[in-house]
Each structure stands twice: as structure tokens, then as C-alpha cells.
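Taking it in order: structure first as C-alpha cells, then the write-up.
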Amino acid sequence: MIGNVVRAGLIGLAATMVAVPMARSEVLRVMSGSVSTPLAVPMNRAVVVESESPFAELSIANPGIADISTLSDRSIYVLGKAPGRTTLTLLSADGRLMTNVEVQVTPDIAEFKERLRQVLPGETIEVRTANDGIVLSGTVSSIGSLDRALELAQRYAPERVSNLMNVGGTQQVMLQVRFAEMQRSVSKNLSASLGFGASGSSGVSGASGNIDGINNLVGGGTVTTAAAGALGAVLTRGSFEMGILLEALESKGMVRTLAEPNLTALSGQEASFLAGGEYPIPVVDDEGSIAIEYKPFGVELAFIPRVIDGDIINLEMSASVSAIDTTVTVQNGGFSVNAFKRRETKTTVEMRDGESFAIAGLLQDDFNDLNSQVPWLGDIPVLGALFRSAEYERRQTELVIIVTPHLVTPTRGDALALPTDRVRIPTEADLFLRGKTTGAAAEVAKQDFTGSYGYVME
């Protein structure tokens, strides 16, 4: 009878959601005697709803979510158009409400599952629907597989994808960075100074080269020079005096810099490292008073590792080595501030576990050759050498930065050794009676620093 109100009940599609062609719509039967349960309709798919009693009118609350049409007075064709929820209303011939059926249009996860198996075979990814979105869960083998699964899900449910997946395998990366720098300098200087004057005069009548040195030498003083070696002579003939000053300088130097910072971080997380200190720098604030800012220096390392697929690691990193340069000084508000020497690199590279990459390198060769002389007098054969000064300087710098990432896992604490484990603090009897110093100093003293090192400059 019409008085028996048809209550919503869904049977048939409750067990599975299988992708079918449009011509094979799934059939659901709306039964009486119970409250309707939601009618699940895949987007761009259709289902047929059948009622045990004939209806006269039907309507849909939101035609943008689902479209309806009648096949007969007992069958309804429902087409999912957009993800969301709406209500299907059935009315009898006398205008009485028969039932309200909640229609839930969800993304077509059947097709999505099929595409997911084709793109990522072997990955255990579970797909579910939640409201109008897609929920992904399970464990994938790498970050690359996770990104591809999310990218594919976005095409079926844009901005409505929930990621509950985990990445299996080793996802912690230890980065080894090696800074190696060699600096070598050679400097040679040979100059001659000549001066003459009359005895008892207040100054030198003529001079070339080191004017102050000649002036002091001719005046009866000692040789004053900044060179490594100097030779001075004074010739006197009556009231006439002539002084000759020869200066020679040769210096050789070599600086070796080696730093090997190691740092471990989780895949996708940033880690930073600083071994050094902070240098105070006075600055003037907005009120005109002097404030102190601290600038870090030393060995700095910051990187973000990403395990892409298996043992392939993407590294976004920044590394630098800096030191205070005492040769350059700046005066600021009565304070003396030194400059910094800094070698820095920022880059992104990709490599496998255990592989090494030279991410930065520098080979610099500076050469200076200077010859100065007194005009015309320096061109005189033989005697012209007394009016000339020659300088030679060469500086070479070789720098290389090598990185090596490793996939690592935690281990037991007793399996790790610390640098302090080899150091034993001496007792008072060992130190004062036996003279034994067992510790870091003794360990360093045992090391052998003989042999060739650095490079040879021809």
C-alpha cells in the first residue's frame, strides 16, 4: 500500500566497489521497514536504485553532485558527478514522503587501485575513501614510491588526499665531508740603496731606495731594515760620505687545512653542525649606542638528505670553513675588529650509498714580479744594479671538498668508541714520581709526521 513508507536500505553494493563499464550499472534495492543507509556512487559511474513500491515523484538536493533520471515507476538511474553528499527524495502518488536516501559520491578508487598497481607493482598500499577524499596507508619501499603514489592520487582527488603511508628500509643518512686545503707561498726580494752627502750635514744630499735606512747609515747609525738580511757600507773621503745598503729577503710558507665533519640526519630533515666559536663584532644600533653581535666561525655544515629510491640519496647541503684573519683589521668606534677567511659551498647533488663526490674545488696561482729602479740610472750597465730593486712573489692555493653519504642504522652504545676512551688520567705518583704523562699528549707524540706531504711548486 501507499501508506507503507519505503525506508532506505542498501544491499548488493555493500560488499565491493568494483570498476565496471557505464553499461553495467550496479543495482541496489530500496526496501521498506528500515532507515536508509547511504548510497555510495563512484564519480562518473552510475547505479540503479529499485523500489518495492511505485513512486510518483523524485528529486535530488544538489544536482551538481549527482544526476538522476527515471527508468520506470520503480527504478531510478543515479549518476555520480562530483565528490560530495546529497539527498535523494521519493514521493508517492498522493504526495506523501516515501523515503530520503543519502547519496555519497566518492572518487572512483577502483580505477585508481588498478592504475596504482600498474605504476607501483609490489608496493603494499591500501586505498580507502573518507568523506570526499582518498586515504592512502601502508608501507612503501622508498620516498620516490611515496611521492609517485601521492601524485597519482591527486589526479583522482585533487587537494583531498590523506597520506598515512610509512617508508620502510633505512632512512637515516650520515654525511662525511672532507675539507682539504694547501696554501704555499714563496717571496724573494733583492734591493740596493745608495746615498751620499757631506759630513756634518743635517741630512742626505742624495739617495735612492731605502731612504730612511741610508739616512741612518750615512749619519753614523746602524743598519735598519725589515728584510731578512742586509749589508751596509759607508765610504768617506774628506767631508764626502757615500753609503751603500743591500737588502735581501726570502720567505717560504705552507699552510695545511684539513677538516672532516660527520653528521647524521633522518631522511627529509635538516641537520646542522658547528665546530669553532663566535667572534664579537661591535655595531651601532638605532639609538646610536654600541652593541655586540656575534659571528660564528669554524667548521660549519648543514644538509637535508632525502632517500629517493633504494640507496639513492639526494643531498641539499651547505658547508664552510672559516677562520679569523689577523692580517686585516678594521677600526670601528674605538674597537679593533679582524676580518675572516672563509671557504664555502652550497649545492644539491645525488649519489648512491657510499659513493663520493667532489662538490667543490679551487686551484689558484698568484704570481707577482716587480722591478723598480731610479730612472736612467738603473739602466747603466753593472753600476745600474745599485739603483734597482727586484721583488718576486708566488702564492698557490689548492682546495677540494668531498662528500660521502652513508645509509646508517643505530647500534648498541658499547659498540662505539670515543676519542677519550684511550686517555687515562695519570695518578699523582705517576706524574710527580715517575714523570709519566699518559693521555692525549702522549698519543699525539707517538704519531709520525715525517715524509713528503703537500705539493711541490716548480
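For the numbers below, each heavy atom of this structure counts, side chains included, while hydrogens, waters and symmetry mates do not. This structure is a prediction, so every number in the text was calculated from the model and none was measured.
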Of all the heavy-atom pairs spanning [X] and [Y], show the shortest one and how long it is.
X      : Y      : answer
Pro42  : Val105 : C-CG1, 4.5 Å
Ile308 : Asn314 : CD1-CB, 3.5 Å
Ile290 : Pro282 : CG2-CB, 3.8 Å
Leu79  : Asn44  : CD1-C, 4.2 Å
Ile134 : Ala153 : CD1-O, 4.4 Å
Ile65  : Arg85  : CD1-O, 3.3 Å

Neighbour count above 12 (heavy atom, 6.0 Å) for [X] [atom1]:
X      : atom1 : answer
Glu151 : CD    : no
Arg155 : CZ    : no
Tyr279 : OH    : yes
Glu428 : CD    : no
Lys81  : NZ    : yes

Problem - Contacts of Asp366 that satisfy side-chain hydrogen bond (donor to acceptor under 3.5 Å, both in side chains) - sequence neighbours left out - result: Gln364

Problem - Non-neighbouring partners of Glu355 that pass side-chain hydrogen bond (donor to acceptor under 3.5 Å, both in side chains), sequence neighbours left out - result: none

Would a distance-only check, ignoring hydrogens and angles, find a side-chain to backbone donor-acceptor pair under 3.5 Å from [X] to [Y]?
X      : Y      : answer
Ser137 : Leu164 : no
Thr329 : Asn338 : no
Thr86  : Asn62  : yes

[atom2] on [Y] to [atom1] on [X], rounded to 0.5 Å:
X      : Y      : atom1 : atom2 : answer
Arg128 : Thr106 : CZ    : OG1   : 14.5 Å
Ile401 : Thr345 : CD1   : OG1   : 5.5 Å
Lys113 : Ile125 : NZ    : CD1   : 12.0 Å

Exercise for the section: Among residues two or more places apart or on two chains, list those pairs meeting side chain to side chain donor-acceptor pair (under 3.5 Å) that have a residue in residues 260-276. Expected result: none

Fill in the blank from the handout: From the list Asn368, Asp369, Asp365, side chain to side chain donor-acceptor pair (under 3.5 Å) with Arg394 holds only for Asp365

Practice task
Please determine which of Lys346, Arg342, Glu344 meets the side chain to side chain donor-acceptor pair (under 3.5 Å) test together with Ser320.
Solution key: Arg342

Problem - Any side-chain donor near an acceptor of the partner, Gln396 and Glu398, under 3.5 Å - result: no

Practice task
Please work out which of the three classes, parallel, tilted or perpendicular, describes the rings of Phe340 and Phe297, given edges at 30° and 60°.
Solution key: tilted

